[in-house]
Amino acid sequence: MSDLTVTVEPGRQDIVITRTFDAPRDVVFKAMTEPEHLARWWGLDGTDTVVDRAEARPGGTWRFVEKAAGGEEYAFHGVFHDVVAPERIVQTFEFEGMPGHVAMDTHMLEEKDGRTLYRAISVFQTVEDRDGMVSSGMEEGLAQSLDALERLVRGLA
């Protein structure tokens, strides 16, 4: 069972996410940065994710396209600002269906007793942007993706 927590405090521009993975952090980091692994866990259940780019280095870019069974496509992209293996990834996040609404995401990994504590902070340009993300069903999609990541890293560990 997942220990996912999503903290959304009223009036703030951020979302704080924590979750523990049953795998060492180098394995979790690898799954979060290598294209062949990203496509296996990123996105909603019932969709296929195509990794167009995933250049996990400062200044590198990423773009993923999520393809639904009915033919709909949803694309997301960003820029990596900082990548420190296997500790931290700082990147922007933008849904191409709503251009101009960019979040800055910081993903941190801490290993303890062979398990990895994942902590992410997403900072939005406005409280309204943050609230829009939350109301979009973000938490359900996030839970699905992180559950898939858990299954993947258990197999890689």
Side-chain angles (χ1 to χ4, degrees), residues 1-23 25 27-33 37-49 51-52 54 56 58 60-68 72-113 115-154:
M1 175 176 249
S2 168
D3 63 351
L4 174 66
T5 63
V6 178
T7 304
V8 181
E9 293 184 20
R12 292 184 51 106
Q13 292 172 238
D14 63 352
I15 298 171
V16 178
I17 301 155
T18 62
R19 171 149 181 184
T20 305
F21 293 99
D22 193 18
R25 78 176 175 170
V27 173
V28 177
F29 185 87
K30 181 178 179 178
M32 291 178 65
T33 56
H37 298 309
L38 283 160
R40 294 176 56 197
W41 67 267
W42 202 94
L44 298 173
D45 293 347
T47 64
D48 291 318
T49 298
V51 176
D52 185 33
T61 62
W62 67 272
R63 184 175 187 269
F64 306 157
V65 179
E66 206 172 338
K67 297 184 177 197
E72 304 89 359
E73 292 188 359
Y74 306 95
F76 306 83
H77 70 267
V79 175
F80 289 99
H81 289 264
D82 191 29
V83 179
V84 181
E87 301 171 18
R88 180 178 61 250
I89 303 164
V90 180
Q91 66 189 56
T92 57
F93 175 95
E94 184 174 6
F95 171 49
E96 292 181 5
M98 293 190 69
H101 299 273
V102 181
M104 180 67 78
D105 295 343
T106 301
H107 307 272
M108 296 159 283
L109 303 172
E110 180 182 336
E111 188 169 334
K112 190 171 188 176
D113 300 324
R115 294 173 53 90
T116 300
L117 172 62
Y118 167 78
R119 184 168 189 263
I121 302 171
S122 292
V123 180
F124 295 80
Q125 294 169 324
T126 65
V127 173
E128 293 77 20
D129 278 1
R130 191 275 317 255
D131 291 348
M133 177 64 83
V134 171
S135 68
S136 75
M138 177 260 340
E139 191 169 344
E140 181 180 346
L142 175 67
Q144 289 177 18
S145 287
L146 295 181
D147 285 349
L149 178 57
E150 172 71 27
R151 290 187 298 273
L152 175 63
V153 297
R154 281 186 181 182

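Computed from heavy atoms alone, side chains included, the values below leave out hydrogens, waters and symmetry copies.
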### Residue among Phe95, Trp41, Trp42, Phe76 satisfying ring pair (Phe, Tyr, Trp, His ring centres under 6.0 Å) with Phe64
Trp42
### Summary
Here the gap from Ile15 atom CD1 to Asp131 atom CG, rounded to the nearest 0.5 Å, amounts to 8.5 Å
### Message
Consider side chain to side chain donor-acceptor pair (under 3.5 Å). Of Arg63, Gln91, Glu96, which one does His77 pass it with?
### Response
Glu96
### Any residue meeting side chain to side chain contact (heavy atoms under 4.5 Å, CB included) with Val79, in chain and number order, not counting sequence neighbours
Thr61, His81, Thr92
### Query
Counting only N and O atoms by type, is there a donor-acceptor contact under 3.5 Å from the side chain of Gln13 to the main-chain atoms of Phe124?
yes
### Query
Does any N or O in the side chain of Gln144 come within less than 3.5 Å of the main-chain N or O of Gly43, such that one atom is a donor and the other an acceptor?
no
### Task
Search all heavy atoms of Thr47 against all heavy atoms of Leu44 and return the closest pair with its distance.
OG1-O, 2.7 Å
### Task
Report the distance from atom CD of Glu87 to atom CD of Glu110, rounding to the nearest 0.5 Å.
10.0 Å
### Message
If I take atom CD from residue Glu66 and atom OG from residue Ser145, how far apart are they, to the nearest 0.5 angstrom?
### Response
7.0 Å
### Query
When rounded to the nearest 0.5 angstrom, what distance separates CE in Met32 from CG in Leu149?
7.0 Å
#### Entry: Smallest separation among heavy atoms of Met138 and Met133, with atom names
CB-O, 3.1 Å
### Query
What's the spacing between Leu109 CG and Arg119 CZ if we round to 0.5 Å?
12.5 Å
### Message
Using 0.5 Å steps for rounding, measure from the CZ atom of Arg88 to the CZ atom of Arg25.
### Response
10.5 Å
### Query
Is there a donor-acceptor contact under 3.5 Å from the side chain of Ser122 to the main chain of Asp14?
no
### Task
Show your working on side-chain contact (heavy atoms from CB on, under 4.5 Å) between Ile121 and Met108 and close with a plain yes or no.
CA-CA 9 Å; Ile121 302 171; Met108 296 159 283; 4.1 Å; yes
### Query
Do Thr116 side-chain atoms and Phe21 backbone N/O form a donor-acceptor pair below 3.5 Å?
no
### Task
Answer yes or no: is there a side-chain heavy-atom contact under 4.5 Å between Thr49 and Leu38?
no
### Query
If we only count heavy atoms from C-beta on, is the Asp147 to Arg19 side-chain gap below 4.5 Å?
yes
### Message
Minimum heavy-atom separation for Val127 and Arg12, please, with both atom names.
### Response
CG2-O, 3.6 Å
### Query
With under 30° as parallel and over 60° as perpendicular, where do the rings of His107 and Tyr118 fit, or are they tilted in between?
parallel
### Nearest atoms (heavy-atom pairs only) where Ala31 meets Leu152
CB-CD2, 3.9 Å
#### Entry: Pair Phe29-Val84, side-chain contact (heavy atoms from CB on, under 4.5 Å): steps then yes or no
CA-CA 10 Å; Phe29 185 87; Val84 181; over 6 Å; no
### Least distance between heavy atoms, Leu142 atom then Leu4 atom
CD2-CD1, 4.4 Å
### Arg115 side chain near Lys112 side chain, heavy-atom distance below 4.5 Å
no
